[in-house]
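Before any comments, here is the structure.
We use all heavy atoms of the structure for the numbers below, so side chains are in, but hydrogens, waters and symmetry mates are not. In what follows, every chain begins at residue 1, and chains take the letters A, B, ... in the order their sequences are listed.
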Amino acid sequence: MQKYNPKKIEPKWQKEWEKQGFYRAKDNSSKEKLFLLVEFPYPSGAGLHVGHCRSYTAFDVIARKQRMQGKNVLYPIGWDAFGLPSENYAIKTGIHPSITTKQSIATFTEQLKAMGFSFDWGREVNTTDPNYYKWTQWIFLKLFEYGLAYKAKIPINWCLSCKIGLANEEVVDGVCERCGGAIEKKEKEQWLIKITKYADRLIDDLKLVDFPERVKAQQINWIGKSRGALVKFPLNESQDFIEVFTTRLDTIFSGTFLILAPEHPFIEKNKVKITNFEEILAYKEKSKKISEIDRENQEREVSGVALEGVFALNPATNEKMPVWIADFVLANYGTGAVFADAHDLRDFKMAKKYNLPLKVSILPDDEKLAQKVRGLEECYEGEGILFNSKEFDGLTSQEARQAIGDFLKDKGLAKEKINYKLRDWVFSRQRYWGEPIPLINCEKCGWVALKESDLPLELPKIEKYQPTDTGGSPLSAVEKWVNVKCPKCKGPAKRETDVMPNWAGSNWYFLRYCDPKNTKKLADPKKLKYFMPVDWYNGGMEHTTLHLLYSRFIFKFLWDIGAVPKDLGPEPYKKRTSHGMILAEGGVKMSKSKGNVVNPDDVIKQYGADTLRIYEMFMGPFEQAIAWDTNSIKGAYRFLERVYRLKLKMKNEKLKTTIKNGKIEKLLHRTIKKVSEDIEQMKFNTAISTLMECLNIFEKEENIGTEDYLLFITLLSPFAPHLVEELWQQTGKKTSIFQEQWPQYDENLLKEEEVNIIVQINGKVRGKIEADNDVSEKEAKKLALKDENIIKWFEQKPIKKVVFVKNKLINFVI
RNA sequence: GCCCAGGUGGCGGAAUUGGUAUACGCGUACGCUUCAGAAGCGUAUGCUUCACAGCUUGGGAGUUCAAAUCUCCCCCUGGGCACCA
């Protein structure tokens, strides 16, 4: 007997499908389009991860089904290939990143093809290809042209021993990730992008898209919009003032001192007045060493130092306020200064510690709590009724914010202000393996953009990938490349040597898929108009804040300047979903160092790609993280083997195609409905369990017609495409299963003629009766009371009440 | 601290419009097949009990004829955000 042999059938059909070009999306089609987007992988040396296989299989299932439903599906793939691992590898070995990248891409391609994914390989993009990054650079020049890219000095994490700037993610537990050395904040010139200009739109337009609520919440949270006021605190005996941002203007009457961030420019400016300047400098030095990550530790005790010799005035009470510095006040949020009062826990702790004055101005409703608050036994941070606030006494916090705001505004001491947590986006990296920034710095003309015709500005080949001692990019050592003539005045000038961050290439790749070979534009507007927006974007949770935010921003910008057609609307993605991670056995993360990485190649070798696909779709809910279980793969393999054997069994027994089996027909229509609906809702695990149930019945049933069997395998085809194609063509079909129509179900065939009705007594299940569909209450009652097993429970007691649910149950209350 | 998701057999999970809890799969046991093993097939499998029956969806209370599903309180796990003024 022939055995199910995936090793033989899988490569055969993969070749055949590629030859036929089934999966090419057509640029011009009268069909409705469907743009399915998965996050393109970083081609690492480690090879394809089983996690990639999970999400790519999920969308492959949807793509295959939707094609069979008549859609022109665009399901593309590409490579997000700039990045640190290749560069670090180059530093270690001297092998150019372009070589390692090429090798990795070749491996990934082979692996993806072995999975049988129906990608449109004709549209492959690669962020490190000059023909691609030409347009990444073009977008940067547009940002520059529209004044959204600017250079500024900002503090970065500086590793003292590696002499290199680190991203926040590279600082682990306050020390350098690579060498474990100390980190210091250092000011450095960086290119920044004014994403803050789009903050409101990035919040408001979330109304237009279908993203999970938590993803929307994360985006909103990251942007961190808060409404408040800017308040001026005049300085004693001076015209000067300190400006403070607050959202709690209602508490201003309890403001008893001011706290500045240690980095606040006020300190340097008022050097002369401050009598304990040495002490201040020491504190500043100390706080420099505390990284952002350590600041997150709330258990840390509050600390601070007074600026001796300086006083401010509370604009509401005119009372004198000491001015302090403390490291819990952040220089880059608000104005880098706060007014401290009894209604903020940190301020409260600080006042207690250093014996600073405290005053209460808000009282809670709760009398008992109010008593404690009044006695300064407890810090009350909530809203309440004003107290100790002159004419504003008795107002609610909300009313008071408005009233006090108006009062101070009249005196010119306050104005409304909306503040954002979102910072402008640092767009420079002092690295090699990234897109060169296409700008030239001329002593006379300043920053000058390259002409569009001079793009792409190719990354020069170099020998040394190590960053320079001064923290400059490795490119800054390539003098021939750096020293150029100014495009404007032809005088001596220097290229920018920083490169773009990883995000640059992934911000807009979905646009390039619509028209990947265009040399004149980033993509033809006509093609964009047809394929965009992305109908459904799936990716990892780790990208739902930054990548999503950045790419939404870039799309909006391109939309604003007319680089993408206006009628598309301001959002690139209609719908976003996230897949759960695949963990190693035991629920820990897969990692090379732990040696628990599952290689998809090994699974394919042992069981075949179809088994891996079925297993990963069946293992659990798609959006949930789940641990790998080697044992369970067998179940997926057994299922496919049984499907294969059923075909053989049918052939041997010479079953005819004409068998009409009402029971099986009904089963199939129920299965069509459930599988079709489950796929669209990404409930792949229950879709497969429904198919398994169907097979279980098929195996027990003698009278299965070929037509029934073919319908069943059609439903299985998106999950196990190779096996089904093989079985399909073995029945003598000359064309591919994937040229077929997706089956439709008949509403009338979903109903059963007979139903089981549960009989309950006092809510407990005591039996069940078989009855015709839609049986009446009266009839059901009669049937139930005939049954001896049910009657015995009544024990002569009278029936108080009967609850009847049609086709489900009858409950007697006695 | 705040926000979100979740807690169901030995395991992954199903059922959330309130209406048979444990579908489907893994594992386990026994049997068939085999020289033997692997694979396969069949049967059983929530817990307690010889049985009758009772109990069971993190814990507690409540609403209801009826609760995994709804309400309240508490506990735990995972994820995100966070000295944000």
**OP:** Spell out yes or no: do the side chain of Glu641(A) and the base of G40(B) have one donor N/O and one acceptor N/O closer than 3.5 Å?
**Re:** no

Original post:
When Watson-Crick pairs (N1 to N3 and N6-O4 or O6-N4) and G-U wobble pairs (N1-O2 and O6-N3) count only below 3.5 Å on both distances, what is the dot-bracket string of RNA chain B, with | for other-strand pairs?
Top reply: (((((((..(((......[....)))((((((.......))))))(((....)))..(((((..]....))))))))))))....

**OP:** With Tyr644(A) as reference, evaluate Tyr637(A), Tyr4(A), Phe639(A) under the ring pair (Phe, Tyr, Trp, His ring centres under 6.0 Å) test and give the passing residue.
**Re:** Tyr4(A)

**OP:** Between C81(B), U20(B), G25(B), spot the one nearest the side chain of Ile758(A), thanks.
**Re:** U20(B)

Original post:
U57(B) and U69(B): how far apart are their C1' atoms, nearest whole angstrom?
Top reply: 10 Å

Original post:
Which part of the nucleic acid does Lys634(A) contact within heavy-atom distance under 4.0 Å: base, sugar-phosphate only, or nothing?
Top reply: sugar-phosphate

Subject >> Residues in salt bridge (Lys or Arg N to Asp or Glu O under 4.0 Å) contact with Glu416(A), at least two apart in sequence or another chain >> reply: Lys409(A)

**OP:** Report the nucleotide, chosen from G25(B), G27(B), G19(B), that has the shortest atom-to-atom distance to any side-chain atom of Met692(A).
**Re:** G25(B)

Original post:
Whole-Å distance between A82(B) P and Lys421(A) NZ?
Top reply: 6 Å

Original post:
What pairs with Phe618(A) under ring-ring contact (aromatic ring centres under 6.0 Å, His included), at least two apart in sequence or on another chain?
Top reply: none

Original post:
Which part of the nucleic acid does Arg423(A) contact within heavy-atom distance under 4.0 Å: base, sugar-phosphate only, or nothing?
Top reply: nothing

Subject >> side-chain contact (heavy atoms from CB on, under 4.5 Å) partners for Glu39(A), two or more places apart >> reply: Tyr509(A), Tyr537(A), His543(A), His547(A), Arg576(A)

**OP:** Report the nucleotide, chosen from C65(B), A82(B), G40(B), that has the shortest atom-to-atom distance to any side-chain atom of Trp222(A).
**Re:** A82(B)

**OP:** Just call it for Asn811(A): base, sugar-phosphate, or nothing, with non-hydrogen atoms closer than 4.0 Å on any strand.
**Re:** base

Subject >> Aromatic plane relationship, Phe233(A) with Phe339(A) - under 30° parallel, 30 to 60° tilted, over 60° perpendicular >> reply: tilted

Original post:
Which nucleotide in the set A85(B), C24(B), C26(B) lies at the smallest distance from any side-chain heavy atom of Glu693(A)?
Top reply: C24(B)

**OP:** Look at all strands and tell whether Asn696(A) reaches a base, only sugar-phosphate, or nothing, counting heavy atoms closer than 4.0 Å.
**Re:** sugar-phosphate

Subject >> Pairwise C1' distance, C32(B) and A39(B) [rounded to whole Å] >> reply: 14 Å

**OP:** Answer with base, sugar-phosphate or nothing: what part of the nucleic acid does Val813(A) contact at a heavy-atom distance below 4.0 Å?
**Re:** sugar-phosphate

**OP:** Take atom P in G9(B) and the same atom in A68(B), then report the distance between them in whole Å.
**Re:** 14 Å

Original post:
Val244(A) or Ala217(A): which one's nearest nucleotide on RNA chain B is closer to the 5' end?
Top reply: Ala217(A)

**OP:** Counting heavy atoms from C-beta on, name the nucleotide in A85(B), G19(B), C81(B) closest to the side chain of Leu330(A).
**Re:** A85(B)

Original post:
What residues form a salt bridge (Lys or Arg N to Asp or Glu O under 4.0 Å) with Lys353(A), not counting sequence neighbours?
Top reply: Glu301(A)

Original post:
Listed by chain and number, what are the side-chain contact (heavy atoms from CB on, under 4.5 Å) partners of Lys781(A), not counting sequence neighbours?
Top reply: Leu785(A), Val802(A), Ile810(A), Phe812(A)

Would you tabulate the pairs of protein nitrogen or oxygen atoms and nucleotide nitrogen or oxygen atoms of nucleotides 13-16 of chain B closer than 3.5 angstrom?
residue, atom, partner, partner atom, Å
G13(B), OP1, Gln624(A), NE2, 2.7
A14(B), OP1, Asn685(A), ND2, 3.1

Original post:
Among all residues two or more places apart in sequence or in another chain, which pass the ring-ring contact (aromatic ring centres under 6.0 Å, His included) test with Phe698(A)?
Top reply: Phe712(A)

Subject >> Length of the line joining Glu699(A):CD and C24(B):P, which is rounded to integer Å >> reply: 13 Å

**OP:** Identify whether any heavy atom of Arg346(A) sits under 4.0 Å from a base atom; if not, whether one sits that close to sugar-phosphate; answer base, sugar-phosphate or nothing.
**Re:** base

Original post:
When you check the side-chain N and O atoms of Thr577(A) and Asn538(A), is any donor under 3.5 Å from an acceptor?
Top reply: yes

Subject >> RNA chain B: 5'-proximal contact among Lys700(A) and Met541(A) (nearest heavy atom) >> reply: Lys700(A)

Subject >> Nearest-nucleotide pick for Lys764(A), side chain only, options being C65(B), C55(B), G25(B) >> reply: C55(B)

**OP:** Sticking with atom P, work out how far G6(B) lies from A23(B), rounded to a whole angstrom.
**Re:** 22 Å

Subject >> Polar contact flag, side-chain donor to acceptor under 3.5 angstrom, Tyr420(A)-Asp200(A) >> reply: yes

Subject >> For Phe253(A), ring-ring contact (aromatic ring centres under 6.0 Å, His included) partners two or more places apart >> reply: Phe392(A)

Original post:
Taking atom C1' in both U8(B) and G46(B), what distance in whole Å separates the two?
Top reply: 10 Å

Subject >> Inter-nucleotide C1' distance (C47(B), U22(B)), Å rounded >> reply: 12 Å

Subject >> P atoms of A44(B) and A66(B), separation to the nearest Å >> reply: 34 Å

Original post:
OP1 or OP2 of U20(B) sitting under 4.0 Å from any side-chain N/O of Arg766(A)?
Top reply: no

